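One structure below.
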Amino acid sequence: MSRLRTLWQEAYPLLGMLGLATAAVLVVSARHGPWEAGVLLFLAWSWAASYLRRQHQRQTFLRESVVQLQETVDRWASGDLEARVYLDQEDPLDPLAHGMNRVAEVLKERTEDLREDKKRLETILSSMANGIIIFSHGLTISLINQAAVNLFGIEEPEPVGRHLLEVIRDVAIEDALLRVTRDAQTVTLDWSPAEDESRVVECTIAPLYEPVGGLGAVLVGRDVSAERQVNRLRQDFVANVSHELQTPLTVIKGFTETLLEDSPDPARARHFLTLINEEANRMSRLVDDLLALSRLEHHSLPATMEAVALPILLDGILAKLDPRAKNQGLTLINAVPRHLPLVSGDPDLLSEVFINLVTNAIQYTPQGGTITVSALVDPARHLVGVSVEDTGIGIPQAEIPRIFERFYRVDRARSRASGGTGLGLAIVKHIIELHHGHIQVRSTVGRGTEFLVFLPEYVGKGDETPGKEAEQVSPRGGAT
Ligand code: ADP
């Protein structure tokens with residue numbers, strides 16, 4: 001129907017003109033005769049023919065331009081924004097083509113900006129320590145960063161486009177996500193992998209308003225394992241300190257009250273005072289150890305690293321502790337070689353390490369036992385090792401990793417009876433770490449224990465070859 005109308009609109013002026021020409025011919029032929037009429041008719045009809053031909057050419061031209069425009073739009077739609085359309089200047093569609101080219105130019109710039117923004121966002125997301133997962137409506141993952149993959153231990157090679165439960169099989173997270181998308185409120189929960197309860201990921205899930213399809217959600221995961229462990233340790237520590245202080249305080253309080261109320265005879269009173277004094281000493285040792293630990297932990301101890309001659313330092317310590325060993329019926333053997341490389345360290349702190357280890361050996365070795373202190377050199381790693389070996393009660397294998405924890409004792413009653421604070425080995429470990437050394441323990445229950453302390457050799461200023469012997473510089477032997 002519309003085609004017919006177009007045809008009529010195009011032919012209308014032509015037919016009008018032909019009608020007029022025919023009328024003129026009729027008038028002319030009535031006045032001048034058939035020849036003139038024939039010429040006029042020929043002219044009229046040839047003009048009509050040329051008009052029709054021009055119209056046809058114009059139509060063809062227009063059709064080609066429209067096809068060009070169409071093709072260009074198709075290329076843009078398929079993502080090729082480089083495509084442009086160029087028409088003849090005479091073409092009536094040329095201004096439209098210019099306009100379209102300008103639109104394409106703007107679109108290309110905007111798309112590049114968007115691509116840049118996306119790249120920037122991806123870089124930020126991938127460099128973040130926190131895990132980020134964006135869920136579309138229906139809990140389908142639409143974006144995830146590497147940190148989230150690592151935090152949740154996701155093995156799925158292509159998580160994007162998958163449902164949450166296909167990737168993280170945890171109904172608690174699913175419940176939380178459903179709540180967030182239903183109530184549009186932020187939810188926080190802790191997540192731990194089934195195989196490792198000590199790893200804790202704190203998940204904060206917030207609603208995400210998506211342009212289509214309803215509410216989505218964004219999950220931010222943060223590894224809080226270390227934080228939680230520190231909190232737990234802090235709570236345990238406070239509980240332990242309170243407990244450790246409470247026991248001597250109860251004893252002191254009890255005996256003081258008895259002394260005040262009963263006025264016992266001088267011998268009994270003296271006995272009570274001795275016990276009070278013992279407990280006060282225990283408390284004092286505990287406070288001293290706690291302060292030492294606290295200073296070590298904050299690295300605020302002025303650890304003066306200097307050349308330390310271990311043979312001299314150990315001689316002093318062993319000489320001081322020998323009477324105590326003898327008192328308990330033990331033999332203390334000094335098997336430290338006279339010539340050892342100097343080590344780098346703070347002599348006072350290093351003394352504390354060896355006093356602690358030898359005192360422990362004395363405490364935990366029954367009468368008749370032997371304690372041997374020896375040393376060895378690890379030239380490949382520029383380390384000097386000191387071994388404190390006893391023939392004592394030993395430590396069960398399962399307990400060995402825990403003995404460096406604060407207040408950890410294998411046998412609490414025995415440790416208390418011998419006046420131990422349970423902090424000695426924690427202090428030892430801290431001091432050795434401060435010296436960039438390490439400590440090893442070998443033990444067999446009922447046969448004995450060996451603590452092996454490795455310390456780095458001393459490197460003098462401008463001297464890159466460690467291993468100078470004790471006599472070559474004037475080292476300090478330590479404070480004993
Ligand atoms: P304590 O003050 O109780 O000795 P430490 O921190 O020095 O505290 O030691 C922790 C625990 O390690 C001790 O309570 C003891 O059970 C164990 N231990 C340490 N040294 C020895 C050793 N030489 N032989 C056997 N057990 C030991």
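All values reported here derive from a predicted model rather than from experimental measurement. Reckoned from all heavy atoms, side chains included, excluding hydrogens, waters and symmetry mates.
Counting heavy-atom neighbours within 6.0 Å of Arg268 CZ, excluding the residue itself, gives a total of 12 or less. Heavy atoms from other residues, nucleotides or ligands lying under 6.0 Å from CD of Glu257 number more than 12. In Gln246, the CD atom is not crowded: 12 or fewer heavy atoms of neighbouring residues, nucleotides or ligands sit closer than 6.0 Å.
Glu278 places none of its side-chain heavy atoms less than 4.5 Å from the side chain of Val251. Looking at Lys108 and Glu82, their side chains come closer than 4.5 Å, going by heavy atoms from C-beta outward. Val373 has its side chain out of reach of Leu357: every pair of non-hydrogen atoms, C-beta onward, lies at least 4.5 Å apart. Two residues are said to be in side-chain contact when any heavy atoms from C-beta on lie closer than 4.5 Å; Leu452 and Leu376 meet this criterion. Taking 4.5 Å as the limit, some side-chain heavy atom of Arg120 sits within range of a side-chain heavy atom of Asp117. Side-chain atoms of Cys203 and Asp190, non-hydrogen and from C-beta on, never get closer than 4.5 Å to each other. In this structure, Leu321 and Phe354 have side chains that are not in contact, with every pair of non-hydrogen atoms separated by 4.5 Å or more. In this structure, the side chains of Ile173 and Leu219 come closer than 4.5 Å at one or more pairs of heavy atoms.
Although no hydrogens or angles enter the test, the distance criterion places no donor-acceptor pair under 3.5 Å between the side chain of Thr372 and the main chain of Asn334. Judged by distance alone, the side chain of His435 and the main-chain N or O of Asp346 form a donor-acceptor pair under 3.5 Å. Although no hydrogens or angles enter the test, the distance criterion places a donor-acceptor pair under 3.5 Å between the side chain of Asp170 and the main chain of Ala172. Judged by distance alone, the side chain of Ser284 and the main-chain N or O of Ala280 form no donor-acceptor pair under 3.5 Å. A side-chain donor-acceptor contact under 3.5 Å links Asp390 to the backbone of Thr449. Remark: the backbone N or O of Thr370 is not paired with any side-chain donor or acceptor of Thr331 at under 3.5 angstrom. A donor-acceptor contact shorter than 3.5 Å is absent between the side chain of Thr140 and the backbone of Ser136.
For the pair Val336 and Ala375, the tightest heavy-atom approach, listed with the atom from each and the gap, is CG1-CB, 4.1 Å. The minimum heavy-atom distance linking Leu313 with Pro347 is given by the pair CD1-O, 3.6 Å. The two residues Met128 and Ala147 make their nearest non-hydrogen contact at O-CB, 3.4 Å. The minimum heavy-atom distance linking Ser192 with Glu197 is given by the pair OG-O, 3.7 Å. The two residues Trp191 and Leu151 have their closest heavy-atom pair at CZ3-O, 3.6 Å. Between Pro159 and Ile141, the shortest heavy-atom distance links the atoms O-CB, 3.7 Å.
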message: Ile362 vs Leu330, test: side-chain contact (heavy atoms from CB on, under 4.5 Å). Steps then yes/no.
response: CA-CA 7 Å; Ile362 295 172; Leu330 301 168; 3.9 Å; yes

- request: Report the C-alpha distance between Arg282 and Glu279 in whole Å, list the side-chain angles of each, state the deciding distance to 0.1 Å, and finish with yes or no for salt bridge (Lys or Arg N to Asp or Glu O under 4.0 Å).
  value: CA-CA 5 Å; Arg282 180 192 297 282; Glu279 293 304 318; 3.4 Å; yes

field: Verdict with supporting geometry, Ser78 and Asp80, side-chain hydrogen bond (donor to acceptor under 3.5 Å, both in side chains)
entry: CA-CA 6 Å; Ser78 63; Asp80 177 13; over 6 Å; no

- request: Using the side-chain contact (heavy atoms from CB on, under 4.5 Å) rule, take Val73 and Met100 through it: C-alpha gap first, then chi angles, then the decisive distance, then the call.
  value: CA-CA 9 Å; Val73 170; Met100 283 174 59; 3.4 Å; yes

- prompt: Please walk me through it: do Leu259 and Ile276 pass side-chain contact (heavy atoms from CB on, under 4.5 Å)?
  reply: CA-CA 11 Å; Leu259 280 173; Ile276 290 171; 3.9 Å; yes

- request: Go through the steps for Glu71 and Trp76 under the test side-chain contact (heavy atoms from CB on, under 4.5 Å), then give the verdict.
  value: CA-CA 9 Å; Glu71 278 175 3; Trp76 291 346; over 6 Å; no

message: Could you go through Glu105 and Arg84, starting from their C-alpha distance and side-chain angles, then the distance that decides it, and tell me whether this counts as salt bridge (Lys or Arg N to Asp or Glu O under 4.0 Å)?
response: CA-CA 9 Å; Glu105 204 58 51; Arg84 296 286 179 273; 2.8 Å; yes

side-chain hydrogen bond (donor to acceptor under 3.5 Å, both in side chains) assessment of Glu244 paired with Asn240: CA-CA 6 Å; Glu244 294 292 331; Asn240 277 325; over 6 Å; no

task: Evaluate the criterion salt bridge (Lys or Arg N to Asp or Glu O under 4.0 Å) for residue pair Asp113 and Arg110; output intermediate values, then yes/no.
output: CA-CA 5 Å; Asp113 284 353; Arg110 295 278 151 82; 5.1 Å; no

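Considering NZ of Lys320 and CG of Asp315, their distance stands at 14.5 Å, rounded to 0.5 Å. Put simply, CD on Glu166 and CD1 on Ile154 are 12.0 Å apart, with the number rounded to the nearest 0.5 Å. Leu125 CG to Asn145 CG: the interatomic distance, rounded to the nearest 0.5 Å, is 5.5 Å. Taken from OG1 in Thr181 to CG in Leu215, the straight-line distance is 6.5 Å, to the nearest 0.5 Å. A distance of 9.0 Å separates CZ in Phe152 from CG in Leu164, rounded to the nearest 0.5 Å. Between the OG1 atom of Thr359 and the CZ atom of Arg324 there is a distance of 5.0 Å, given to the nearest 0.5 Å.
For the pair Lys119 and Glu116, the salt-bridge criterion is met [side-chain N within less than 4.0 Å of a carboxylate O]. Using a 4.0 Å cut-off between charged side-chain N and carboxylate O, Arg381 and Asp378 make a salt bridge. Under 4.0 Å is where a charged nitrogen must lie from a carboxylate oxygen, and between Arg295 and Glu352 no such pair does. Checked for salt-bridge contact, Glu112 and Arg115 miss the test: no charged N lies under 4.0 Å from a carboxylate O.
Note: Phe451 and Phe404 have perpendicular aromatic rings, judged against thresholds of 30 and 60 degrees for the angle between ring planes.
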